[in-house]
Amino acid sequence: MTVVQDGPYRFRIEPSGAMRVPGVVFASRELLSTADNAIGQVANVAALPGIVDASYAMPDVHLGYGFAIGGVAATDPRDGGVVSPGGVGFDISCGVRLMAADIDAADLAPVLEDVMDGLDPAVPRGMGRGAVWRPSGREELTGILTGGSRYAVQRGHGDERDLLRCEDGGAVADADPGQVGERAVERGAGQVGSLGSGNHFLEVQRVAEVYDADVAAAFGLSGDQICVMIHCGSRGLGHQICTDHVRAMEARMPRYGIEVPDRQLACAPVDSPEGRAYLGAMAAAANYARANRQLLAQAARRVFRRAAGARLDLVYDVSHNLAKMEDHDVDGGRRRLCVHRKGATRALPPGHPDLPPDLREAGQPVLIPGTMGTASYVLAGVPDGRAFYSTCHGAGRTRSRHQAARGVDGRTLRARMEADGIAVRASSWRGLAEEAPDAYKDVSAVVEAGEGAGLCRKIARLEPVGVVKG
DNA sequence: ATGTAC
């Protein structure tokens with residue numbers, strides 16, 4: 001495999017073997033060197049039937065299930081294009097929601113501990129347990145799977161204005177709850193409105209630096225302002241859907257004459273019963289994840305109103321694990337493509353018709369959750385964005401959970417963060433240790449590379465004031 | 001990421 005640098009922050013993997021298109025990695029040399037075991041996966045994805053243009057990787061690329069986390073690939077259904085659950089990931093529609101408070105850091109300081117003590121019991125989290133909303137029966141769960149944040153708002157959990165600031169208006173079309181298996185439904189029923197574990201979190205943050213005041217203002221952000229960032233996904237429901245549909249596709253691949261370099265890249269034509277079934281179930285999980293973030297946002301709003309007298313307005317809600325049917329210009333023609341983004345964020349450019357009117361001039365907000373205890377970023381899509389208007393999604397691991405937990409004790413880590421002025425409410429010491437910042441890449445380097453590669457631009461940097469950890 | 005392995 002030959003990897004050559006062919007631009008600033010841009011490397012090219014020449015097609016070889018089963019590759020139908022080249023690979024393109026947007027990264028600095030340093031970031032690339034921390035992810036060399038994922039480059040083979042970028043090359044493998046280039047072998048998917050119907051892939052268009054290139055197999056792309058974002059600056060935070062790292063090893064994933066079959067398809068690298070940080071990977072972007074678009075396929076053309078009219079050219080035998082496939083959809084691969086591995087190209088979306090187990091945590092379907094995992095994503096980030098950012099809310100801006102009407103108070104600044106100085107206003108929050110005297111009541112920070114009250115806010116954190118309010119959030120602690122109000123944000124269900126950790127493996128398995130707890131949920132904000134227990135659906136009363138199949139009808140309510142179906143509403144969530146079909147309507148996402150929109151259904152949650154209809155049921156009184158939020159306001160109409162929230163939906164304007166959600167990707168897809170808060171609900172993905174074409175969800176098919178009938179393709180969500182019984183086991184996925186059972187797992188999902190008890191977890192509506194819960195954070196989960198791992199790198200999922202709810203953080204109280206401060207706007208530490210603004211790089212573009214006009215665009216920040218359009219997003220509703222200004223210096224020193226307090227924000228709340230929520231990072232979570234579709235919990236056991238999305239996980240079970242991925243498992244079920246990978247299995248179903250694996251069994252059918254020989255019949256479609258599809259061969260892939262890695263079994264974990266199981267896939268089916270977009271226009272096939274298996275492809276449509278997965279996309280319908282995936283959309284249902286995407287709506288579940290959005291309702292999940294909507295409900296946790298409401299929980300945070302109640303606490304902020306009570307403990308700080310503050311209001312939280314939605315900045316944006318965007319997923320970083322999803323496949324979407326989108327129209328793109330390729331080789332001078334307009335084509336409808338199935339765009340897989342796994343650990344990659346859609347970043348629509350200024351003027352894009354899918355943006356709400358009040359964000360159209362600024363471009364789409366892109367929300368980058370940093371590693372626990374470090375910075376997070378707000379970015380914006382740029383004109384002439386690359387990789388089907390995509391950019392990075394976060395820091396990306398460099399050390400395994402096991403290695404991270406061996407390096408530091410959770411209590412020590414908490415004490416270190418509290419000494420740095422960050423309030424911490426953890427759900428387990430082991431879980432906290434697994435998320436030690438030194439087990440991750442430097443999110444600032446990732447963002448610099450994304451900007452340098454022409455994928456996005458920086459709008460603001462946020463720093464944590466309080467961490468509620470899954 | 002995940003009732004951290006059917």
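Just so it is clear, the model here is predicted, and its values are computed rather than measured. Quick note on labels: first sequence line is chain A, next is B, and so on, each numbered from 1.
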- Message: Taking any heavy-atom pair under 4.0 Å as a contact, classify A/Gly198: base, sugar-phosphate, or nothing.
- Response: sugar-phosphate
- Query: In whole angstrom, what separates A/Arg183's CZ from B/dT2's P?
  - Reply: 16 Å
- Query: Hey, does the side chain of A/Arg401 come within less than 4.0 Å of B/dT4's phosphate (OP1/OP2), counting only N and O?
  - Reply: no
- How far apart are the C-alpha atoms of A/Lys342 and A/Asp91, what are their side-chain angles, what is the distance that settles it, and do they pass the salt bridge (charged side-chain N to carboxylate O under 4.0 Å, His left out) test? CA-CA 9 Å; A/Lys342 178 186 189 179; A/Asp91 195 359; over 6 Å; no
- Query: Are side-chain heavy atoms of A/Val408 and A/Arg416 found at a separation under 4.5 Å?
  - Reply: yes
- Would you call the rings of A/His328 and A/Tyr389 parallel, tilted or perpendicular, where under 30° means parallel and over 60° means perpendicular? tilted
- Between atom CD1 in A/Ile69 and atom P in B/dT2, what is the gap in whole Å? 13 Å
- A/Gln264 CD - B/dT2 C1' separation (whole Å): 15 Å
- Query: Will you find, in the side chains of A/Ser194 and A/Arg125, an N or O donor that is under 3.5 Å from an N or O acceptor?
  - Reply: no
- Query: Tell me: CD of A/Gln403 to P of B/dT4, nearest whole Å?
  - Reply: 22 Å
- According to a strict under-4.0 Å criterion, is A/Ser197 in side-chain N/O contact with OP1 or OP2 of B/dT2? yes
- Comparing A/Glu434 with A/Phe90, nearest DNA chain B nucleotide closer to 5' gives the residue A/Phe90
- Query: How long is the line joining CG of A/Asp91 and P of B/dT4, in whole Å?
  - Reply: 15 Å
- Task: Please state how far atom CD in A/Gln191 lies from atom P in B/dT2, giving the value in whole angstrom units.
- Result: 8 Å
- Would you kindly give the CZ-to-P distance between A/Arg247 and B/dA5, to the nearest whole Å? 14 Å
- Could you give the NE2-to-P distance, from A/His245 to B/dT2, as a whole number of Å? 19 Å
